[in-house]
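Right, one structure below, let's go through it.
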Amino acid sequence: MRGYFDFNIMIGKPTIDPLNNWLNIDRLKEEMSRFNIKKALVYHSYSRDYDAYFGNERLTEEIKNFPNLYATWAILPIDISPIDTFDRLLEELKIHNVKAVRFFPDLHNFLLEEEVVGDLLSFLEGVKIPVLISPNSTGWKDIYNMLRNHPNIRLILIDLTYRQSSYIFPLLKRYKNVYIELSGYITFLGIETMYRKFGGERMLFGSNLPYKNPGSTIFYIEKADIPEEVKDYIAYKNADRLIQKVDL
Amino acid sequence: MIDAHAHLGKWYNFYYDSGDFLSMVKIMDRIGMESAWISALMSIGPDYELGNEMVFEAIKAFPDRFKGYVTLSPYFADKIEEEIKKRISQGFIGIKLHPGTHMYPIDGATYLYAYKYADEHKLPVLIHTWGERDVRTVVELAKSYQNAIFIMGHSGGDLRSMLLAVDLARDVNNIYLDLTGSAMYNGIIEYYANKIGSERILFGTDFPFIDPRPAIGWVENSKLSEREKYNILQGNAKRILNSNK
């Protein structure tokens, strides 16, 4: 069975969880073993649903003994962040071995405008760290504006839907550092179409655990009509390469 | 496996490659899908008659791979009886209603003939449902037309409605819960099976509106027994087909 690098996992209790799906580390390890997920980028529910940096610190604590789990921090505009200089932010990202950051503009109530996050995006662009954003949390026009101002940012589009190819394709065509995480992109023949148009280098496996079953995206990849070696890149190698390039 | 909630063709507001019946058969062969029960997106959209004809063409080309739902438009009330009889005589297996795109109530007067016909002939009626009100309406209809087989499309759609659907449908045996949905919530299949039994759950994907593969992976990798997966992926659909032969 092919090994996977999961770019999109949440641990911790979320505010809304009617099916009681939340993952602690033990449950996460079980899921990773079940689906042969070798490595994962993980964020904490508290950083989304309670307080970004409280959750980030909790994340560090919970994953510290697991070298195959990498921290994804929720990040805030510098003006409302407890880490209020870029020197300090750089230091904190290094200390906590953070390998990706995540914006929640809607939930954390800020605009993805240049006046708000322009300096932060320049910083993130400079350290080549993957930035995960759901277009549904901000709007596609904001994504387009952001990329016009920060064309080299390593942007990972997450929580996509099957209706969004018309927004995604122009970005992949124009910006070489835009990637898509596949768990929500369930468009008919989506993987095949993406491969035909843009190659396989910018598709990433993500499960969106605990909300989705990893077997869903894995089956989609495994049954895609694309070369086996491209599946290896989508499953693992693209993600691993992105993480190795982070320059903190 | 059998996809009991599939389509055919294109949809106006988003892009996907192909969507014609040849592209569908190609992917069905690749993933081992035995057959798909289809309604045309054209019928759910602007032209029920042209869409039903598209379905008929697909059935004629691949009679073992496609089964047809006759889709009805509430805006052609005087044609409903004629269209149902014509398409059932052509081998269609059931009726599809989409009160969402047609913006018409599930229990609206124009639809009532369809339920009566399905009741008399023990046919499946696949109804798109979205929201608690739709769930409640389908449950009431199923109690009134007990010989018809009600397939609750998307089982209410949003998570809250899905949880309501399983509670309300539990004691109404002519309702099947349809798994079709873009969200594919982790754990909901196990929750359904535990509450209502795997015999009352139908596999569907919206294919080719949505790619069928993620949904297959979702069911195959659920924490159900092989027997329960079999029921969902094909056993229940086969039982429905055999029940009105």
Side-chain angles (χ1 to χ4, degrees), chain A residues 1 9-10 14 16-23 27 30-31 34-37 136 159-170 182-197 205-226, chain B residues 6-20 23-24 26-33 41 158-160 162-164 166 179-192 194-195 205-224 229:
Chain A
M1 188 183 179
I9 291 179
M10 183 186 80
I16 301 167
D17 189 20
L19 297 173
N20 198 22
N21 280 332
W22 71 278
L23 296 172
R27 287 171 78 172
E30 280 171 28
E31 291 294 291
R34 189 169 167 234
F35 292 102
N36 207 27
I37 298 170
N136 309 316
D159 301 336
L160 295 169
T161 78
Y162 59 97
R163 296 179 186 246
Q164 294 175 328
S165 297
S166 58
Y167 302 112
I168 297 165
F169 290 174
L182 287 172
S183 63
Y185 188 65
I186 54 175
T187 302
F188 182 51
L189 302 176
I191 290 179
E192 287 89 348
T193 305
M194 197 69 75
Y195 171 66
R196 197 180 69 241
K197 284 178 175 286
F205 167 69
S207 65
N208 200 7
L209 271 169
Y211 296 105
K212 297 206 170 169
N213 185 320
S216 181
T217 308
I218 288 174
F219 190 86
Y220 195 9
I221 293 168
E222 294 297 335
K223 293 293 181 182
D225 188 9
I226 58 174
Chain B
H7 295 290
L8 172 71
K10 290 291 194 183
W11 192 243
Y12 67 96
N13 85 334
F14 63 96
Y15 167 82
Y16 51 90
D17 196 10
S18 305
D20 56 276
S23 68
M24 291 175 70
K26 191 176 169 192
I27 201 81
M28 288 163 73
D29 287 343
R30 187 171 183 81
I31 59 182
M33 184 183 284
L41 294 166
D158 62 84
L159 187 54
R160 232 168 87 156
M162 292 165 81
L163 298 178
L164 177 71
V166 74
L179 287 182
T180 303
S182 54
M184 291 185 275
Y185 298 104
N186 195 13
I188 196 82
I189 305 173
E190 294 87 339
Y191 183 85
Y192 278 2
N194 187 38
K195 286 262 185 183
T205 73
D206 253 347
F207 163 47
F209 193 82
I210 292 174
D211 197 283
R213 288 167 288 188
I216 297 166
W218 177 46
V219 178
E220 291 282 11
N221 290 287
S222 65
K223 292 171 180 166
L224 297 181
K229 289 178 193 173

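First the proteins, then the strands, lettered A, B, ... as listed; each starts at 1.
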Look only at the side chain of A:R163 and the backbone of B:N13, and say whether a donor-acceptor pair between them is shorter than 3.5 Å.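 Between the backbone of B:N13 and the side chain of A:R163 there is no qualifying donor-acceptor contact (under 3.5 Å).
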Checking A:S165 now: which residues fulfil side-chain hydrogen bond (donor to acceptor under 3.5 Å, both in side chains) with it, not counting sequence neighbours?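 Here the qualifying residues are A:Y185.
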Under the rule for side-chain hydrogen bond (donor to acceptor under 3.5 Å, both in side chains), what residues qualify as partners of A:R34, not counting sequence neighbours?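 If we apply the side-chain hydrogen bond (donor to acceptor under 3.5 Å, both in side chains) test to A:R34, skipping adjacent residues, there are no hits.
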With a 4.5 angstrom heavy-atom cut-off, which part of [X] approaches chain B: side chain, backbone, both or neither?
| X | result |
| --- | --- |
| A:L19 | side chain |
| A:P18 | side chain |
| A:Y162 | both |
| A:T193 | side chain |
| A:N20 | neither |
| A:L209 | side chain |

What part of [X] gets closer than 4.5 Å to chain A, counting heavy atoms only: side chain, backbone, both or neither?
| X | value |
| --- | --- |
| B:Y191 | side chain |
| B:I189 | neither |
| B:S23 | both |

Are the charged groups of A:E192 and B:K26 less than 4.0 angstrom apart, N to O?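 Salt bridge: no.
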